[in-house]
Amino acid sequence: MSHNLFETFAARMHDRSDADFITTREGRRYSYRDALDASARLAGALKALGVAPGDRVAVQVDKSPEAILLYLACLRMGGVYLPLNTGYTADEIRYFLDDAEPALFVCRPAALTEARTVVSETGCPAVETLGTDADGSLLTLAERAEAYTGIEPREHDDLAAILYTSGTTGRSKGAMLTHRNLGSNAATLVEAWRFTAADRLIHALPIFHTHGLFVGCNVTLMAGSSMLFLPKFDADVIFEELPHGSVMMGVPTFYTRLVADERLTPEATANMRLFVSGSAPLTAETHQAFEAKTGHAILERYGMTETNMNISNPYDGERRAGTVGMPLPGVEYRITDRETHAPVPQGEIGMLEIRGPNVFIGYWRMPEKTREELLEDGFFITGDLAMADEQGYVHIVGRDKDLVISGGYNVYPKEVEQVIDELEGVVESAVIGLPHPDFGEGVTAVVVPQPGVTLGERQVLDHLEGRLAKYKQPKRVFFVDTLPRNTMGKVQKNELRKQYQDTYR
Ligand code: ATP
Ligand code: MG
């Protein structure tokens, strides 16, 4: 029996053939029947281009329904989908093509000349284009090619995708994700978040990342529900669409923007049944403000490129602000000592490790790194520090790499940031460790004041005095207009560390 994830999707797509799969505000509409047909034609085009089962198909295109049809085509013919961040430059693309050796690179129409150069340098045999207006050479080919209406047999552990991590802590790594990884997680999330065919997802996330691609689209396909595809988050558009949607998935910045908008009311969100947040920490403050303004408790969950989704607040029951909830069915976790790797007592902070059918099978062509992070007993070392409270809710305390060790003491940036953020006139803050001749690392705060508010270093330090132990208090405080964030709303602490690296030298 074949375990191609597309088998499961196709069964659902047949059942729901007349229903909407993806629609856009410009009036494009793909029913599930359309999606089945288009995926067969695109799979035919891939075959005509020489893509064979197991081959990678690298894709750097702007968000469109057709890009998802290409993902489906890839699954159907046994290819390995490899989406790339639209922000990557030609130089960065060269690295990924060199690393992944795809059989085909699909780029934006406007990037073709540049892509041809990169492709010829990396030895990638084919390049085609896909635009946002249902245009591009790949679609022309798909119209002419003989449709591939079959479904290539695949094993559980065959690759369905290679997804590169966000590169927050270093160079992006290619996570090898199997048909089982993606399928099990989508099925789990449909259950956990009570998706049904009646749902309509407001989809404003990018589709080169696990959140918008696998969580958003695989859950939709598994449930036979529909998605409204928006090119990006635009609050005006969101407020127009909320009355026609039932679920929204967002990164925390979506929610901070909505909360700051006076249009956010119980009436505006009356048709919605669920708001999900993830990819970066949602502050308890935003969670509470959103609930106060709408009556909806945002459901925060925790996941990553390598593991899909692991831990989620409950659908029924308390969605606890500032926590990511409890392990999803089938997912196990343990919290271990950073050095000894022994489990820590409940309530203590340690390294979060995850095991389950959702966990990837390794980093593409990085056996060393895979061995370091994917343990023999199947647990994956996430690199995140966490703590489980008495009721079993998991709190993500921050990344291990962001932990500051000052004078031999561990300083958890989040704890310091939370106290700084309580100060009147502060929007947000980031606490980092910088090389320090006496302390090893010096605790340093980068603070964003509210527009029009002038804050001084002294004020921040005075506020912390008595609220935090001396060793946790920053040695210097800097002020900036905004924190550097990537498209997923992740604060780029690496950049901050680079910018202020000479502070104590
Ligand atoms: P890289 O691994 O290349 O450094 P990255 O870890 O940012 O980049 P992703 O896989 O996109 O790449 O992100 C996963 C990380 O996002 C998690 O390890 C965690 O740090 C963070 N994250 C995801 N969801 C949450 C959440 N709800 N709360 C806090 N952090 C979260
Ligand atoms: Mg990571």
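Please read all numbers here as calculations on a predicted model, not as lab measurements. As the structure lists them, so they are numbered: ligands from 1, and atoms in each ligand from 1. Start at 1 with the first residue, then count along the sequence.
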*Of the protein's non-hydrogen atoms, which lies at the shortest distance from atom 14 (C) of ligand 1, and what is that distance?*
Met304 CB, 3.4 Å
_Residue-level breakdown please: for Ala280 versus ligand 1, do any non-hydrogen atoms fall below 4.0 Å on the side chain, on the backbone, on both, or on neither?_
backbone
*Counting only heavy atoms, which portion of Thr305 has something under 4.0 Å from ligand 1: side chain, backbone, both, or neither?*
both
*Out of curiosity, is Met488 lining ligand 1, as in a heavy atom under 4.0 Å away?*
no
*Would you check whether Ser172 has a nitrogen or oxygen atom less than 3.5 angstrom from a nitrogen or oxygen atom of ligand 1?*
no
*asked:* Polar contacts were defined as any N/O atom of the residue lying under 3.5 Å from an N/O atom of the ligand; does this apply to Lys490 and ligand 1?
replied: yes
*asked:* Looking only at the side chains, is there a donor atom on one of Tyr95 and Ser172 sitting less than 3.5 Å from an acceptor on the other?
replied: no
*Can you check whether Thr168 has an N/O within less than 3.5 Å of an N/O in ligand 1?*
yes
*Using distance alone, determine whether Thr165 and ligand 1 share an N or O pair under 3.5 Å.*
yes
*Looking just at side-chain N and O atoms, do Asn358 and Asn310 make a donor-acceptor pair shorter than 3.5 Å?*
yes
*Side-chain donor-acceptor pair under 3.5 Å between His203 and Lys63, yes or no?*
yes
*asked:* Check contact between Lys401 and ligand 1, using heavy atoms of the residue and a distance below 4.0 angstrom.
replied: no
_Looking at ligand 1, is there an atom of it that comes within less than 4.0 Å of some heavy atom belonging to His211?_
no
_Ser279, portion touching ligand 1 at heavy-atom distance under 4.0 Å_ = backbone
_Is the distance from the ring center of His3 to that of His156 below 6.0 Å?_
yes
*For Glu300, the ligand 1 atoms whose distance to one of its heavy atoms is below 4.0 Å*: 26 (C), 27 (N), 28 (N)
*Are Ser429 and Asp421 linked by a side-chain donor-acceptor pair shorter than 3.5 Å?*
yes
*asked:* Does only the side chain of Thr169 get under 4.0 Å from ligand 1, or the backbone, or both, or neither? Count heavy atoms.
replied: both
